[in-house]
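Right, one structure below, let's go through it.
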Amino acid sequence: MNTITIIQPDDWHLHLRDKQALATTVPAATRGFGRGIIMPNLNPPITNVRLANDYRKRILAQRPDGSDWQPLMVLYLTDNTSPDEIHAASESGFIYGCKYYPAGATTNSDSGVTDLNKMHAVFEAMQSVGMVLQMHGEVTSNEIDIFDREAVFIERHLKSLVAEYPSLKIVLEHITTQQGADFVIDAGDNVGASITPQHLIYNRNHMLAGGIRPHLFCLPILKRDIHQQALINAATSGSHKVFLGTDSAPHTQGTKESACGCAGCFSHHAAIELYAEVFDKAGALDKLEAFASTNGPDFYGLPYNQSTIELQKQQWKLPESLPFENTQLIPLGAGTTLNWKLAE
Ligand code: NCD
Ligand code: ZN
């Protein structure tokens, strides 16, 4: 098999940043994809419909000529989000989800929610209008080890949340553990998960053994190899509960190679190919289309993209660095060789 043709995929979790960054991140995000769920963790964050509309216009201004890629906007939940804002978002026609960041969990999350119990009216409103809740599923308490934060979040918060709002659509974003995969696969059809390429390709040894590799530092942090394998199994199983979400999150080389480096991996230089590599290695290329192109739209209640993409079996070397914000970034898998390439 030397080519694969699949329905055009979508990216259900990505970060484009703002201003000058959009000139590089937007064209990269359109490469191979039909739509992208745009994370709202700007500084200040996208907390209302007006800010989301303005951000969407800035994004569309950078979309390459002839592209019909669509940014699907997201509201950033805070302690002050009102049910009225949820209704306005639902009526806007361009907002497809609301993101829950526990305050302090990750990049630009200082305005995030301090207590899930304060969100009752908002979650009720989301459930009633069918708005998707996208969860950064980690606890932030200092006494909880960073490698346990996702599993503890599921036990302490997610199980009761799912029980309390039985028809609220919830995406456990960027799952990184066996516990995350098991929880989502066993839950009802209103619960799904996105999976990144970095959590499928790497485990914490790649990041920490034989020297620290800051370009593999992302949140939730890479876990041990048994968790990586559980994610590969979930993604390639054909389960409709899991879908592609790169969490592509650019930071400059300098802010990552630092005494206190930023979390996030950029993957839009080769996103679909990085996933194809994982599926090929698992002998599951026939499951790539469900994961990349149909499970996500089915979950969000959206139509599939009309066009297809072709991947060709062809070796190519990923760039060592890419220009970004007057300087550069180091992309995921920099300098490595892949075996599949998007026909462009
Ligand atoms: C993301 C970022 O840089 O915006 N970083 C990351 O490590 N994933 C934030 C996030 O999605 O948690
Ligand atoms: Zn993210």
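Values below: every heavy atom of this structure, side chains too, minus hydrogens, waters and symmetry copies. By convention here, the first residue in the shown sequence is residue 1. All ligand and atom numbering here is 1-based and tracks the order in the structure. This is a predicted model, so every value here is computed, not measured.
Near His136, with a cut-off below 4.0 Å to any heavy atom, the atoms of ligand 1 are 12 (O). The distance from ligand 1 to the heavy atoms of Ala249 drops below 4.0 Å at these ligand atoms: 1 (C), 2 (C), 3 (O). In the vicinity of His251, heavy-atom distances shorter than 4.0 Å reach the ligand 1 atoms 3 (O). Of all atoms in ligand 1, numbered sequentially from 1 with element shown, those under 4.0 Å from a heavy atom of Cys218 are 7 (O).
Side-chain atoms of Lys341 do not come within 3.5 Å of backbone N or O of Gln314 as any donor-acceptor pair. With Gln198 contributing its side chain and Cys218 its backbone, the two residues share no donor-acceptor pair below 3.5 Å. No donor-acceptor pair under 3.5 Å is formed between the side chain of Arg35 and the backbone N or O of Leu72. When atom types are taken as modelled, the side chain of Glu257 and the backbone of Pro214 share no donor-acceptor pair closer than 3.5 angstrom. The backbone N or O of Arg63 lies less than 3.5 Å from no partner atom in the side chain of Ser67, so there is not a single donor-acceptor pair.
Aromatic ring pairs are classed by plane angle as parallel below 30°, tilted from 30° to 60° and perpendicular above 60°; the pair His174 and His136 is perpendicular.
Around the Zn ion (ligand 2), the protein N, O or S atoms closer than 2.8 Å are His13 NE2, His15 NE2, Asp247 OD1, listed by chain and residue number.
In this model, a donor atom of one side chain and an acceptor atom of the other lie less than 3.5 Å apart for Asp11 and His268. Defined by atom type and a distance below 3.5 Å, a donor-acceptor pair is present between the side-chain atoms of Gln328 and Gln253.
The residues Lys281 and Glu277 are annotated as not salt-bridged, no charged nitrogen and carboxylate oxygen being separated by less than 4.0 angstrom.
Shown are Phe243, Phe279, Trp12; of these, the ring-ring contact (aromatic ring centres under 6.0 Å, His included) with Phe291 is made only by Phe279. Of the listed residues (Thr47, Ile46, Leu75), just one forms a side-chain contact (heavy atoms from CB on, under 4.5 Å) with Pro40, and that residue is Ile46.
Thr106 OG1, 3.4 Å is the protein heavy atom nearest to atom 10 (C) of ligand 1. For atom 8 (N) of ligand 1, the closest heavy atom belonging to the protein is Asp247 OD2, 2.7 Å. In this structure, the protein non-hydrogen atom closest to atom 7 (O) of ligand 1 is Leu219 N, 2.7 Å. Nearest protein heavy-atom neighbour of atom 5 (N) of ligand 1: Ala263 O, 3.1 Å.
The shortest N or O to N or O distance between Gly264 and ligand 1 is under 3.5 Å. Polar contact with ligand 1: present for Asn41 (N/O pair, distance under 3.5 Å).
Distances from atom 3 (O) of ligand 1 to the heavy atoms of His15, Arg17, Gln134 put Arg17 nearest.
In summary, the aromatic rings of Phe266 and Phe324 are positioned with their centroids too far apart to meet the 6.0 Å limit.
Ligand 1 lies within reach of His13, whose nearest heavy atom is under 4.0 Å from it.
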